[in-house]
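These numbers were taken from a predicted model, which means no experiment stands behind them. Numbering of residues begins at 1 and proceeds along the displayed sequence.
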Amino acid sequence: MSFKCKVCGKSFKSERGLHLHIPKTHKIPLAEYYVNMYQRRDRYNNKLLEFKNKDDYFNVDFSSRDNLRKWALEADPEEVKEYILKQLSARVTGKELSYAPCHLELELHDLPSMDMYKHFFGSYSKACDELKIKPLLGKNIMKGFFKNNPELDNIKILIDTREQQPLSFENSMSMKLDFGDYAVGAPHYDYTYVDRKSEADFKSTMATGFKRFTRELERAKEFDAYIFIVIESSIQQIIKNNMFGPRQSNLPYIWHNMRLLSHRFAGKCQFVFTGSRKESESVIPKLLVYGKKLWEADLQYFIDKQ
């Protein structure tokens, strides 16, 4: 395979060779070269698409998800259905996924939203059926999950002895857990655990601590247990803090590793961003007591809808 310069016609054996040639020989930034030579335009407003990197430039058809949404509302419904199904198929085949992406993955990679699939197909599961693939998290949330349940205040929460900043519950006790930070005893125990993470802890775990955490999930899987990884922040807050904080993390790498674990341990874990420590204290007892009723529900989708 050869790569040809559209300015002078010279061919190169590798794309890297072409990318070195363009700014060195023609004094043209790569972004300017691709935008001028290929003229890719937003399908909604026909404006030239911004160049960020080559892969995104040729795989993206809109400058923003908002433009995708506006286009979808105005275009022929059958055309929209075909387009968004193609986007889902490209994600599944491109990443060699065994399950269709969950809400978090759709949001983080600017794919059509779950609500868009619901609008045009009736449900996200029906869109996945078209591709003959199951959603990573395909069940509806149990009724009453978001209602206040005073009975949960009396449940004894078991907190791992290694938990350095334990959350505050009405009734709790410290004991060594095999994995995770929180669990409950009988009669509510059903192999459900919670691993609590601050924003900083989450980022470090998905980077330098990735192998260690993978081993923890492997132990949980061997035990036939399920772990909710509860993060005391939101995706939006993590992105904002990373932009303006003193130390920047490689967020694409972190999202990539989160996706790897979500799919590798499908049916055994899911990530939940509560937005704050206070919200984590409210959600964790529900996760532990309702347990298996929530294992296959896309909790982040329903939390974000709230």
Would you compute the distance between atom CD of Q237 and atom CG of N242 and round it to the nearest 0.5 angstrom? 11.5 Å
Using a 4.5 Å cut-off on heavy atoms from C-beta on, say whether the side chain of K268 contacts that of L217. no
So do the side chains of L288 and F228 get within less than 4.5 Å of each other, counting heavy atoms only? no
Taking the side chain as C-beta and beyond, is there a heavy-atom pair between E199 and N241 under 4.5 Å? yes
Centre-to-centre under 6.0 Å for F202 and F213, is that the case here? no
Using side-chain heavy atoms (C-beta onward) and a distance below 4.5 Å, is L131 in contact with L88? yes
Worked check of side chain to side chain contact (heavy atoms under 4.5 Å, CB included) between Y182 and L287: CA-CA 10 Å; Y182 300 87; L287 301 181; over 6 Å; no
If you round to the nearest 0.5 Å, how far is OG1 of T214 from NZ of K211? 9.5 Å
Before you tell me yes or no, could you show the steps for T161 and S174 under side chain to side chain donor-acceptor pair (under 3.5 Å), namely the whole-Å CA-CA distance, both residues' side-chain angles and the distance that decides it to 0.1 Å? CA-CA 6 Å; T161 52; S174 178; 5.3 Å; no
Compare all side-chain heavy atoms of V194 with those of D181 and state whether any distance is below 4.5 angstrom. no
Could R264 and E218 be called an ion pair, given the rule that one side-chain N must be under 4.0 Å from one carboxylate O? yes
Worked verdict on R162 versus Q164 for side chain to side chain donor-acceptor pair (under 3.5 Å): CA-CA 6 Å; R162 292 158 294 186; Q164 296 181 355; over 6 Å; no
Checking I235, D304, L299, D298 against L104 for side chain to side chain contact (heavy atoms under 4.5 Å, CB included), the one that qualifies is I235
Could you tell me if the side chain of P112 sits less than 4.5 Å from the side chain of Y117, heavy atoms only? yes
Is it true that, when you exclude E96 itself, more than 12 heavy atoms of the residues, nucleotides or ligands shown sit nearer than 6.0 Å to its CD? no
Salt bridge (charged side-chain N to carboxylate O under 4.0 Å, His left out) between E79 and R43, intermediate numbers included: CA-CA 12 Å; E79 182 184 0; R43 291 181 66 165; 3.1 Å; yes
With a sphere of 6.0 Å drawn around NZ of K54, does it hold more than 12 non-hydrogen atoms of other residues, nucleotides or ligands? yes
Starting from the C-alpha separation in whole Å, work towards a yes-or-no answer on side chain to side chain donor-acceptor pair (under 3.5 Å) for D56 and N59. CA-CA 5 Å; D56 285 349; N59 289 322; 5.6 Å; no
We want to know whether R16 and H19 form a side-chain donor-acceptor pair, criterion being a heavy-atom distance below 3.5 angstrom. no
Tell me whether W255 shares a hydrophobic cluster with L136, the cluster being built from Ile, Leu, Val, Met, Phe, Trp, Tyr side chains joined at under 4.5 Å. yes
V289 vs E151 side-chain heavy atoms within contact, under 4.5 Å: no
Verdict with supporting geometry, F223 and F179, ring-ring contact (aromatic ring centres under 6.0 Å, His included): CA-CA 10 Å; F223 196 66; F179 28 74; 5.7 Å; yes
So, for F271 and F273, is the gap between ring centers shorter than 6.0 Å? no
Give a yes or no on whether a salt bridge exists between R40 and E50, defined as a side-chain N under 4.0 angstrom from a carboxylate O. no
E232 and side chain to side chain donor-acceptor pair (under 3.5 Å): which partner among K197, Q165, R196? R196
Establish whether V184 and M173 are linked, either directly or via other cluster members, by ILVMFWY side-chain heavy-atom contacts under 4.5 Å. no
Shortest non-hydrogen separation from K24 to K27 and the atoms involved: O-NZ, 3.1 Å
Quick one: are the ring centres of F146 and F302 less than 6.0 Å apart? no
Could you check whether any side-chain heavy atom of L106 comes within less than 4.5 Å of a side-chain heavy atom of Y124, counting everything from C-beta outward? yes
For the residue pair Y189 and Y193, what are the closest heavy atoms and their distance? OH-OH, 2.8 Å
Of all heavy-atom pairs linking D195 and G180, the shortest is OD2-CA, 3.8 Å
What's the spacing between K134 NZ and D129 CG if we round to 0.5 Å? 10.0 Å
Co-members of I28 in a cluster of I, L, V, M, F, W and Y side chains, linked at under 4.5 Å: M1, F3, V7, F12, L18, I22, L30, Y33, Y34, V35, M37, Y38, L48, L49, F51, Y57, F58
Evaluate the side chain to side chain donor-acceptor pair (under 3.5 Å) criterion for residues D115 and S113: first the C-alpha distance (whole Å), next the side-chain angles of each, then the deciding distance (0.1 Å), finally the verdict. CA-CA 5 Å; D115 282 339; S113 68; 5.3 Å; no
Separation of N154 CG from E170 CD (nearest 0.5 Å): 8.5 Å
Approximate separation, where rounding is to 0.5 Å, of L261 CG and I229 CD1: 7.5 Å
Determine the minimum heavy-atom distance between L158 and G185, stating which atoms define it. CD1-N, 3.8 Å
Test N45 against W71 for side chain to side chain contact (heavy atoms under 4.5 Å, CB included), laying out the working first. CA-CA 9 Å; N45 57 23; W71 170 80; over 6 Å; no
Taking NZ, NE, NH1 and NH2 as the nitrogens, is one of them in R212 or E216 under 4.0 Å from a carboxylate oxygen of the other? yes
If you measure from the Lys or Arg side-chain nitrogens to the Asp or Glu carboxylate oxygens, is any gap between E130 and K81 under 4.0 Å? no
In short, C269 meets S262 closest at the heavy-atom pair SG-CA, 4.5 Å
To which residues is Y253 joined in a hydrophobic cluster, defined by side-chain heavy-atom contacts under 4.5 Å among Ile, Leu, Val, Met, Phe, Trp and Tyr, whether direct or through other members? none
Distance under 6.0 Å and angle within 45° of ring axis: R215 vs F210: no
So how far is it from S172 OG to K156 NZ, rounded to the nearest 0.5 Å? 8.5 Å
Under 6.0 Å from the ring centre and within 45 degrees of the ring axis: does the NZ or CZ of K292 meet both conditions for the six-membered ring of Y226? no
Taking atom CD of E82 as the centre, report whether more than 12 heavy atoms of other residues, nucleotides or ligands fall under 6.0 Å from it. no
Is there a side chain to side chain contact (heavy atoms under 4.5 Å, CB included) between E281 and T274 once you walk through the steps? CA-CA 9 Å; E281 289 176 344; T274 63; over 6 Å; no
Considering all heavy atoms, the nearest S125-G138 contact: OG-O, 3.9 Å
When hydrophobic residues are tied together by side-chain contacts of less than 4.5 Å, even through go-betweens, does L111 share a cluster with L85? yes
Decide, yes or no, whether a salt bridge links D66 with R69 under the criterion of side-chain N to carboxylate O below 4.0 Å. yes
Is a donor on one side and an acceptor on the other found under 3.5 Å between the side chain of K286 and the backbone of F145? yes
Report the C-alpha distance between V92 and Y99 in whole Å, list the side-chain angles of each, state the deciding distance to 0.1 Å, and finish with yes or no for side chain to side chain contact (heavy atoms under 4.5 Å, CB included). CA-CA 7 Å; V92 170; Y99 296 91; over 6 Å; no
Please identify each residue that fulfils side chain to side chain donor-acceptor pair (under 3.5 Å) with H119, with sequence neighbours left out. none
